[in-house]
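The structure under discussion appears below in the form of C-alpha coordinates.
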Amino acid sequence: MREIVFDTETTGLDHRQGDRVVEIGCVELINRVETGRTYHAYFNPGMAMPSIAEQIHGLSDIFLSDKPEFHETVEDLLDFLDDSPLIAHNAMFDWGFLNHELGECGRMHIPLSRIIDTLAMSKTRHPGAKHSLDALCNRYGVDRSQRVKHGALLDAQLLTQVYVELTGGRQIGLEIGFQEQPRMQTLIQASVPMALNGRRPRFHTVSDDERTRHRLFVTRLIDPLWAQGDSWHEHASQSVDARADTA
(Lines give C-alpha, C1' and ligand atoms only; values in the text may rest on other atoms or scores of the structure.)
Protein backbone atom coordinates (compact mmCIF):
# COMPACT_ATOMS: atom_id res chain seq x y z
CA MET A 1 0.00 0.00 0.00
CA ARG A 2 1.35 3.44 -0.95
CA GLU A 3 1.08 6.28 1.58
CA ILE A 4 2.49 9.82 1.68
CA VAL A 5 3.67 11.49 4.88
CA PHE A 6 3.71 15.26 4.45
CA ASP A 7 4.26 18.52 6.31
CA THR A 8 3.87 22.20 5.45
CA GLU A 9 5.37 25.47 6.64
CA THR A 10 3.27 28.60 6.34
CA THR A 11 3.25 32.37 6.89
CA GLY A 12 0.84 32.00 9.81
CA LEU A 13 -1.86 29.93 11.43
CA ASP A 14 -5.01 30.71 9.42
CA HIS A 15 -5.37 30.48 5.66
CA ARG A 16 -8.77 32.15 6.01
CA GLN A 17 -6.91 35.28 7.11
CA GLY A 18 -4.66 35.22 4.05
CA ASP A 19 -1.79 33.05 5.29
CA ARG A 20 -0.04 30.97 2.65
CA VAL A 21 2.03 27.79 2.29
CA VAL A 22 5.75 28.49 1.84
CA GLU A 23 7.15 24.96 2.00
CA ILE A 24 5.93 21.40 1.60
CA GLY A 25 7.78 18.14 2.16
CA CYS A 26 6.51 14.66 1.30
CA VAL A 27 7.88 11.15 1.94
CA GLU A 28 6.69 8.05 0.09
CA LEU A 29 5.94 4.83 1.97
CA ILE A 30 5.18 1.43 0.47
CA ASN A 31 3.84 -1.04 3.03
CA ARG A 32 5.07 1.28 5.82
CA VAL A 33 8.65 1.24 4.47
CA GLU A 34 10.36 4.36 3.06
CA THR A 35 11.16 4.01 -0.62
CA GLY A 36 13.61 6.92 -0.73
CA ARG A 37 11.30 8.98 -2.95
CA THR A 38 10.48 12.44 -1.65
CA TYR A 39 8.95 15.68 -2.87
CA HIS A 40 10.16 19.02 -1.53
CA ALA A 41 9.41 22.57 -2.66
CA TYR A 42 9.52 26.16 -1.44
CA PHE A 43 6.97 28.74 -2.56
CA ASN A 44 6.93 32.51 -2.82
CA PRO A 45 3.82 33.49 -0.85
CA GLY A 46 3.50 36.91 -2.47
CA MET A 47 3.42 38.57 0.94
CA ALA A 48 5.82 39.65 3.67
CA MET A 49 6.87 36.93 6.10
CA PRO A 50 5.75 37.72 9.67
CA SER A 51 8.69 37.70 12.06
CA ILE A 52 7.06 35.18 14.40
CA ALA A 53 6.66 32.70 11.54
CA GLU A 54 10.25 33.26 10.38
CA GLN A 55 11.48 32.49 13.88
CA ILE A 56 9.77 29.09 13.66
CA HIS A 57 10.93 27.90 10.23
CA GLY A 58 13.71 30.34 9.32
CA LEU A 59 12.32 31.13 5.84
CA SER A 60 12.88 34.80 5.08
CA ASP A 61 11.50 37.12 2.39
CA ILE A 62 14.90 37.19 0.73
CA PHE A 63 15.18 33.39 0.63
CA LEU A 64 11.68 32.97 -0.82
CA SER A 65 11.88 35.87 -3.26
CA ASP A 66 13.15 33.76 -6.17
CA LYS A 67 11.01 30.69 -5.44
CA PRO A 68 8.04 29.78 -7.66
CA GLU A 69 4.48 30.48 -6.60
CA PHE A 70 2.37 27.48 -5.59
CA HIS A 71 0.39 27.34 -8.84
CA GLU A 72 3.57 27.13 -10.90
CA THR A 73 4.54 23.70 -9.55
CA VAL A 74 1.19 22.34 -8.40
CA GLU A 75 1.10 19.66 -11.11
CA ASP A 76 4.38 18.17 -9.91
CA LEU A 77 2.99 18.01 -6.37
CA LEU A 78 -0.28 16.41 -7.45
CA ASP A 79 1.58 13.86 -9.58
CA PHE A 80 3.62 12.85 -6.52
CA LEU A 81 0.60 12.70 -4.20
CA ASP A 82 -1.49 10.80 -6.75
CA ASP A 83 -4.50 9.26 -4.95
CA SER A 84 -2.55 7.91 -1.95
CA PRO A 85 -3.61 8.38 1.68
CA LEU A 86 -1.94 11.46 3.20
CA ILE A 87 -0.47 11.40 6.71
CA ALA A 88 0.30 14.51 8.75
CA HIS A 89 0.64 15.57 12.38
CA ASN A 90 -2.26 17.81 13.41
CA ALA A 91 -3.44 17.03 9.90
CA MET A 92 -6.41 19.40 9.87
CA PHE A 93 -3.97 22.32 9.82
CA ASP A 94 -1.92 21.06 6.86
CA TRP A 95 -4.97 19.71 5.04
CA GLY A 96 -6.74 23.08 5.34
CA PHE A 97 -3.75 25.00 3.98
CA LEU A 98 -3.15 22.51 1.17
CA ASN A 99 -6.77 22.63 0.05
CA HIS A 100 -6.75 26.43 0.22
CA GLU A 101 -3.74 26.55 -2.10
CA LEU A 102 -5.33 24.01 -4.45
CA GLY A 103 -8.52 26.03 -4.54
CA GLU A 104 -6.60 29.23 -5.29
CA CYS A 105 -5.21 27.68 -8.46
CA GLY A 106 -8.45 26.02 -9.54
CA ARG A 107 -7.66 22.44 -8.50
CA MET A 108 -9.99 20.04 -6.72
CA HIS A 109 -9.76 19.76 -2.96
CA ILE A 110 -8.35 16.63 -1.36
CA PRO A 111 -11.17 14.82 0.49
CA LEU A 112 -10.91 14.34 4.23
CA SER A 113 -11.28 10.58 3.72
CA ARG A 114 -7.69 10.49 2.44
CA ILE A 115 -6.24 12.14 5.56
CA ILE A 116 -4.62 10.26 8.48
CA ASP A 117 -3.84 12.36 11.56
CA THR A 118 -0.95 11.10 13.70
CA LEU A 119 -1.90 13.56 16.44
CA ALA A 120 -5.26 11.83 16.85
CA MET A 121 -3.52 8.44 16.72
CA SER A 122 -1.12 9.50 19.46
CA LYS A 123 -3.92 10.78 21.70
CA THR A 124 -5.70 7.44 21.36
CA ARG A 125 -2.60 5.34 21.97
CA HIS A 126 -0.99 7.50 24.69
CA PRO A 127 -3.77 9.33 26.56
CA GLY A 128 -2.50 11.96 28.95
CA ALA A 129 0.98 12.09 27.40
CA LYS A 130 2.57 14.85 25.33
CA HIS A 131 1.77 14.59 21.64
CA SER A 132 4.06 17.06 19.89
CA LEU A 133 6.37 15.73 17.19
CA ASP A 134 9.35 16.33 19.47
CA ALA A 135 7.68 14.41 22.30
CA LEU A 136 6.85 11.48 20.02
CA CYS A 137 10.39 11.38 18.67
CA ASN A 138 11.63 11.18 22.25
CA ARG A 139 9.11 8.47 23.09
CA TYR A 140 10.07 6.26 20.15
CA GLY A 141 13.80 6.97 20.11
CA VAL A 142 13.74 8.87 16.81
CA ASP A 143 16.83 11.06 16.36
CA ARG A 144 15.71 14.68 16.02
CA SER A 145 19.09 16.30 16.66
CA GLN A 146 18.99 18.04 13.25
CA ARG A 147 15.67 19.70 14.01
CA VAL A 148 17.00 23.12 15.01
CA LYS A 149 14.04 24.81 13.29
CA HIS A 150 10.89 23.48 11.69
CA GLY A 151 11.42 22.25 8.14
CA ALA A 152 8.76 20.57 6.04
CA LEU A 153 10.86 17.75 4.58
CA LEU A 154 12.81 17.05 7.77
CA ASP A 155 9.62 17.04 9.83
CA ALA A 156 7.95 14.71 7.31
CA GLN A 157 10.92 12.35 7.55
CA LEU A 158 10.77 12.38 11.36
CA LEU A 159 7.01 11.88 11.28
CA THR A 160 7.47 8.93 8.93
CA GLN A 161 9.47 7.11 11.60
CA VAL A 162 6.94 8.07 14.28
CA TYR A 163 4.04 6.88 12.11
CA VAL A 164 5.71 3.50 11.60
CA GLU A 165 6.03 3.19 15.39
CA LEU A 166 2.46 4.32 16.02
CA THR A 167 1.22 1.60 13.68
CA GLY A 168 3.45 -1.08 15.21
CA GLY A 169 5.62 -1.26 12.11
CA ARG A 170 8.84 -2.34 13.80
CA GLN A 171 7.10 -5.01 15.85
CA ILE A 172 5.99 -6.96 12.79
CA GLY A 173 9.60 -7.97 12.31
CA LEU A 174 9.52 -10.18 15.42
CA GLU A 175 9.55 -13.80 14.30
CA ILE A 176 7.00 -15.35 16.64
CA GLY A 177 5.68 -18.61 15.30
CA PHE A 178 7.51 -18.27 12.00
CA GLN A 179 7.14 -21.97 11.22
CA GLU A 180 3.40 -21.92 11.75
CA GLN A 181 2.98 -18.70 9.71
CA PRO A 182 5.18 -19.00 6.60
CA ARG A 183 3.04 -16.55 4.61
CA MET A 184 3.38 -13.84 7.25
CA GLN A 185 7.12 -14.47 7.40
CA THR A 186 7.34 -13.98 3.64
CA LEU A 187 5.47 -10.68 3.87
CA ILE A 188 7.73 -9.49 6.67
CA GLN A 189 10.88 -10.33 4.74
CA ALA A 190 9.54 -8.57 1.67
CA SER A 191 8.63 -5.32 3.44
CA VAL A 192 10.84 -4.91 6.50
CA PRO A 193 14.66 -4.80 6.69
CA MET A 194 16.09 -7.65 8.77
CA ALA A 195 17.08 -5.48 11.72
CA LEU A 196 17.44 -8.51 13.98
CA ASN A 197 19.93 -10.30 11.69
CA GLY A 198 17.32 -12.88 10.74
CA ARG A 199 17.88 -14.97 13.86
CA ARG A 200 15.84 -18.14 14.30
CA PRO A 201 15.06 -19.94 17.57
CA ARG A 202 17.66 -22.53 18.55
CA PHE A 203 16.45 -26.10 18.99
CA HIS A 204 18.12 -28.08 21.79
CA THR A 205 18.61 -31.85 21.87
CA VAL A 206 19.22 -34.03 24.94
CA SER A 207 22.09 -36.51 24.87
CA ASP A 208 21.81 -40.08 26.24
CA ASP A 209 24.20 -39.14 29.05
CA GLU A 210 22.00 -36.21 30.06
CA ARG A 211 18.92 -38.46 30.07
CA THR A 212 20.69 -40.97 32.35
CA ARG A 213 21.82 -38.29 34.78
CA HIS A 214 18.33 -36.84 34.85
CA ARG A 215 16.74 -40.20 35.70
CA LEU A 216 19.29 -40.66 38.50
CA PHE A 217 18.47 -37.23 39.87
CA VAL A 218 14.73 -37.95 39.85
CA THR A 219 15.16 -41.20 41.82
CA ARG A 220 16.79 -39.24 44.65
CA LEU A 221 13.79 -36.93 45.14
CA ILE A 222 11.84 -37.57 48.32
CA ASP A 223 8.06 -37.78 47.98
CA PRO A 224 7.75 -35.79 44.66
CA LEU A 225 4.40 -34.10 44.09
CA TRP A 226 3.70 -35.85 40.77
CA ALA A 227 3.94 -39.25 42.51
CA GLN A 228 1.33 -38.43 45.13
CA GLY A 229 -1.68 -38.50 42.79
CA ASP A 230 -5.07 -37.92 44.43
CA SER A 231 -3.56 -37.85 47.92
CA TRP A 232 -1.71 -34.65 47.04
CA HIS A 233 -4.91 -32.95 45.85
CA GLU A 234 -6.66 -34.06 49.04
CA HIS A 235 -3.81 -32.66 51.14
CA ALA A 236 -3.94 -29.36 49.23
CA SER A 237 -7.69 -29.05 49.78
CA GLN A 238 -7.27 -29.71 53.52
CA SER A 239 -4.59 -27.03 53.72
CA VAL A 240 -6.86 -24.49 52.02
CA ASP A 241 -9.73 -25.35 54.41
CA ALA A 242 -7.40 -25.02 57.39
CA ARG A 243 -6.25 -21.58 56.28
CA ALA A 244 -9.88 -20.49 55.78
CA ASP A 245 -10.74 -21.58 59.35
CA THR A 246 -7.94 -19.48 60.82
CA ALA A 247 -8.59 -16.40 58.67
Side-chain angles (χ1 to χ4, degrees), residues 1-10 21-43 56-59 70 73-74 76-99 101-102 110-126 129-174 184 187-196:
M1 179 178 66
R2 184 177 189 266
E3 298 171 298
I4 301 297
V5 181
F6 81 104
D7 183 59
T8 63
E9 299 298 336
T10 66
V21 173
V22 294
E23 183 185 9
I24 188 166
C26 306
V27 177
E28 181 185 62
L29 293 177
I30 301 292
N31 296 331
R32 307 284 163 80
V33 177
E34 291 185 59
T35 66
R37 289 190 66 212
T38 62
Y39 177 88
H40 183 218
Y42 295 104
F43 308 109
I56 294 173
H57 49 56
L59 303 178
F70 187 92
T73 58
V74 66
D76 292 337
L77 173 61
L78 291 176
D79 285 345
F80 186 86
L81 297 180
D82 198 20
D83 60 354
S84 301
L86 305 181
I87 301 148
H89 198 64
N90 191 19
M92 296 302 99
F93 176 87
D94 300 280
W95 176 66
F97 266 95
L98 181 55
N99 273 346
E101 295 292 349
L102 291 173
I110 293 172
L112 183 58
S113 58
R114 284 178 59 186
I115 301 299
I116 298 172
D117 188 359
T118 53
L119 176 61
M121 293 174 63
S122 178
K123 288 181 177 180
T124 299
R125 185 164 182 177
H126 307 294
K130 294 182 179 180
H131 305 289
S132 67
L133 181 56
D134 282 343
L136 289 172
C137 286
N138 290 341
R139 175 181 293 276
Y140 291 119
V142 175
D143 181 9
R144 59 179 182 86
S145 58
Q146 298 184 45
R147 197 186 190 223
V148 179
K149 288 184 179 291
H150 289 220
L153 183 57
L154 175 60
D155 286 1
Q157 290 170 329
L158 294 175
L159 183 59
T160 296
Q161 298 178 65
V162 167
Y163 175 63
V164 170
E165 292 292 343
L166 280 170
T167 55
R170 292 185 182 178
Q171 294 181 11
I172 64 173
L174 298 179
M184 178 59 70
L187 292 175
I188 291 170
Q189 291 175 339
S191 61
V192 179
M194 294 300 290
L196 300 179

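Position 1 is the first residue of the sequence, and the numbers go up from there.
Counting only distance, with no hydrogens or angles, the side chain of Thr118 and the backbone of Met121 share no donor-acceptor pair below 3.5 Å. Remark: side-chain polar atoms of Asp117 are paired, donor with acceptor, to backbone N or O of Ala91 under 3.5 angstrom.
Between Val5 and Cys26, the closest side-chain pair of non-hydrogen atoms is not below 4.5 Å. A heavy-atom distance below 4.5 Å is not found between the side chains of Gln157 and Gln146. Between Glu23 and Leu59 the shortest side-chain heavy-atom distance falls below 4.5 Å. Under the 4.5 Å side-chain criterion, counting only non-hydrogen atoms from C-beta, Leu29 is not in contact with Thr35. Within the 4.5 Å cutoff, the side chain of Leu98 has heavy atoms near those of the Phe70 side chain. Contact annotation: the side chain of Glu101 never approaches that of Ile24 to less than 4.5 Å [non-hydrogen atoms, C-beta and beyond]. Put simply, the side chain of Tyr39 does not reach to within 4.5 Å of the side chain of Leu81, judged on heavy atoms. At a threshold of 4.5 Å between non-hydrogen side-chain atoms, the residues Asp134 and Leu158 do not count as touching.
Considering CG of Leu136 and CZ of Arg144, their distance stands at 10.5 Å, rounded to 0.5 Å. Here His89 contributes atom NE2 and Leu159 contributes atom CG; the two are 7.0 Å apart, rounded to the nearest 0.5 Å. Between the OG1 atom of Thr10 and the NE2 atom of His57 there is a distance of 6.0 Å, given to the nearest 0.5 Å. Residue Glu28 holds its CD atom at 4.5 Å from CZ of Arg37, rounded to the nearest 0.5 Å. Remark: Asn99 CG to Asp94 CG distance equals 11.0 Å, nearest 0.5 Å. The distance from the OG atom of Ser122 to the NZ atom of Lys130 is 12.5 Å, given to the nearest 0.5 Å.
For Arg139 and Glu165, the salt-bridge test fails: no basic side-chain N is under 4.0 Å from an acidic carboxylate O.
What you find for Ser84 and Arg2 is that their closest heavy atoms are OG-NH1, 2.7 Å. Across all non-hydrogen atoms, the minimal contact from Ala156 to Gly25 is CB-O, 3.6 Å. The two residues Ala129 and His131 come nearest to each other via the heavy atoms O-NE2, 2.9 Å. Here the shortest heavy-atom pairing between Met92 and Leu112 reads CE-CD1, 3.4 Å. Closest approach of Pro85 and Ile116 over heavy atoms only: CB-CD1, 4.2 Å.
Asp143 and Ser145 share a side-chain donor-acceptor pair at under 3.5 Å.
The aromatic rings of His40 and Tyr42 sit perpendicular, their planes meeting at an angle over 60°, well past the 30° parallel limit.
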Kindly determine whether Trp95 and Leu86 satisfy side chain to side chain contact (heavy atoms under 4.5 Å, CB included), including the steps that lead there. CA-CA 9 Å; Trp95 176 66; Leu86 305 181; over 6 Å; no
Could you walk me through whether Glu3 and Tyr163 pass the side-chain hydrogen bond (donor to acceptor under 3.5 Å, both in side chains) test, one step at a time? CA-CA 11 Å; Glu3 298 171 298; Tyr163 175 63; 2.7 Å; yes
Between Ile4 and Val27, does the side chain to side chain contact (heavy atoms under 4.5 Å, CB included) criterion hold? Intermediate values first, please. CA-CA 6 Å; Ile4 301 297; Val27 177; over 6 Å; no
Report the C-alpha distance between Asp155 and Arg147 in whole Å, list the side-chain angles of each, state the deciding distance to 0.1 Å, and finish with yes or no for side chain to side chain contact (heavy atoms under 4.5 Å, CB included). CA-CA 8 Å; Asp155 286 1; Arg147 197 186 190 223; 2.8 Å; yes
